[in-house]
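One structure is given below, encoded as structure tokens.
Bear in mind that the values here come from a model prediction, so they are computed numbers and not experimental data.
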Amino acid sequence: METLWAPWRSAYLSEATENEAKNIRTGCVFCEALTNPDDRTRYVIHRGKNAFVILNLYPYNNGHMLVIPNQHAPRLDHLPVETRCELMELINKAQLVLQTVYRPHGINIGNNTGQAAGAGIADHLHFHVLPRWTADANFMTTVANSRVIPESLEISWERIREAWEKIL
Ligand SMILES: [Zn+2]
């Protein structure tokens, strides 16, 4: 029998698609986004001192964000304490922004460390922060293993970025 409690399935599925994208590119997509100054085309929400926030290109739901250290490192314990603290502050702000913009019923906050744990981009640590609704594991997800995302990344980026700048 399949386990019904599977909150990280969402992260796993988006990581799987992420991995496909990674395979057709060279280098690290997160490092590339970090060095590219164009926030709009890379869907960068915020650039901090030691970490940054972008939209997931393959969202599970609208508003699915990734909180990423600037340093290309695979594990949390490879990062300085200052960076770890900043990551947690950005995760906190990301969930506040999601509450404001999307008013979800719940929020998934999580990380997959290593490929065996489901990380698509295992070499560069990242945290998922995504809104959830009670009935969002819908028919399409269950039957066709695909999702319907009603809002474009462009619109999500504009809404989230605006809220990010307003919330202190
Ligand atoms: Zn990287």
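Scanning for side-chain contact (heavy atoms from CB on, under 4.5 Å) contacts around Ser152 gives Glu154, Ile155, with sequence neighbours left out. Every residue was checked against the side-chain hydrogen bond (donor to acceptor under 3.5 Å, both in side chains) condition with Arg84, not counting sequence neighbours, and none meets it. By the side-chain contact (heavy atoms from CB on, under 4.5 Å) test, Asp39 pairs with Val44, Arg47, Trp157, Arg161, sequence neighbours left out.
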Test side chain to side chain contact (heavy atoms under 4.5 Å, CB included) on Val53 and Leu66 and set out the steps. CA-CA 6 Å; Val53 182; Leu66 300 175; over 6 Å; no

Begin from the C-alpha positions of His72 and Asp123 and carry the test side chain to side chain contact (heavy atoms under 4.5 Å, CB included) through to its verdict. CA-CA 7 Å; His72 182 92; Asp123 294 342; 3.6 Å; yes

Could you walk me through whether Tyr102 and Arg132 pass the side chain to side chain contact (heavy atoms under 4.5 Å, CB included) test, one step at a time? CA-CA 10 Å; Tyr102 294 99; Arg132 298 301 303 269; over 6 Å; no

Applying side chain to side chain contact (heavy atoms under 4.5 Å, CB included) to Ile45 and Ile54, what does each step give before you reach the verdict? CA-CA 5 Å; Ile45 301 294; Ile54 62 172; 5.7 Å; no

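Ring pair His124/Phe52 is perpendicular by interplanar angle, where above 60° counts as perpendicular and below 30° as parallel.
For the pair His64 (side chain) and Asn56 (backbone), a donor-acceptor distance under 3.5 Å is absent. Looking at Glu162, its side chain never comes within 3.5 Å of a backbone N or O of Arg159 through a donor-acceptor pair. Of the possible donor and acceptor atoms, one in the side chain of Asn61 sits under 3.5 Å from a partner among the backbone N and O of Pro131.
The shortest distance between side-chain heavy atoms of Ile107 and Leu130 does not fall below 4.5 Å. Side-chain contact between Phe127 and Met65 is absent, with no heavy-atom pair separated by less than 4.5 Å. Side-chain contact between Leu125 and Asn111 is present, with heavy atoms from C-beta onward closer than 4.5 Å. Inter-residue side-chain proximity for Cys85 and Val81 is flagged as met; some heavy-atom pair is nearer than 4.5 Å. Residues Glu158 and Ile160 fail the side-chain proximity criterion, which asks for heavy atoms closer than 4.5 Å.
In summary, Arg40 and Asp38 do not engage in a salt bridge, as defined by a charged side-chain N under 4.0 Å from a carboxylate O.
Centroid-to-centroid, the aromatic rings of Phe30 and His126 come within less than 6.0 Å.
When all heavy atoms are compared, the tightest approach of Ala94 to Val67 is CB-CG2, 4.5 Å. The shortest heavy-atom contact between Leu87 and Leu76 is CD1-CD1, 4.1 Å. Smallest separation of non-hydrogen atoms from Trp133 and Pro104: NE1-CA, 3.5 Å. Annotation for Asn62 and Ser156: closest pair ND2-OG, 4.1 Å, computed over non-hydrogen atoms. Here the closest heavy-atom approach between residue Leu79 and residue Ala73 is recorded as CD2-CB, 3.9 Å. Here the shortest heavy-atom pairing between Gln71 and Pro80 reads OE1-CD, 3.5 Å.
Sorted by first and then second residue, the salt bridge (charged side-chain N to carboxylate O under 4.0 Å, His left out) pairs involving residues 89-107 (not counting sequence neighbours) form an empty list. For residues 49-62, the set of pairs meeting the salt bridge (charged side-chain N to carboxylate O under 4.0 Å, His left out) definition, not counting sequence neighbours, comprises Lys49-Glu82. Residue pairs meeting the ring-ring contact (aromatic ring centres under 6.0 Å, His included) criterion with at least one partner in residues 81-100, sequence neighbours excluded, are absent.
Between His46 and Trp164, the side chains place a donor N or O and an acceptor N or O closer than 3.5 Å (distance only, hydrogens not considered).
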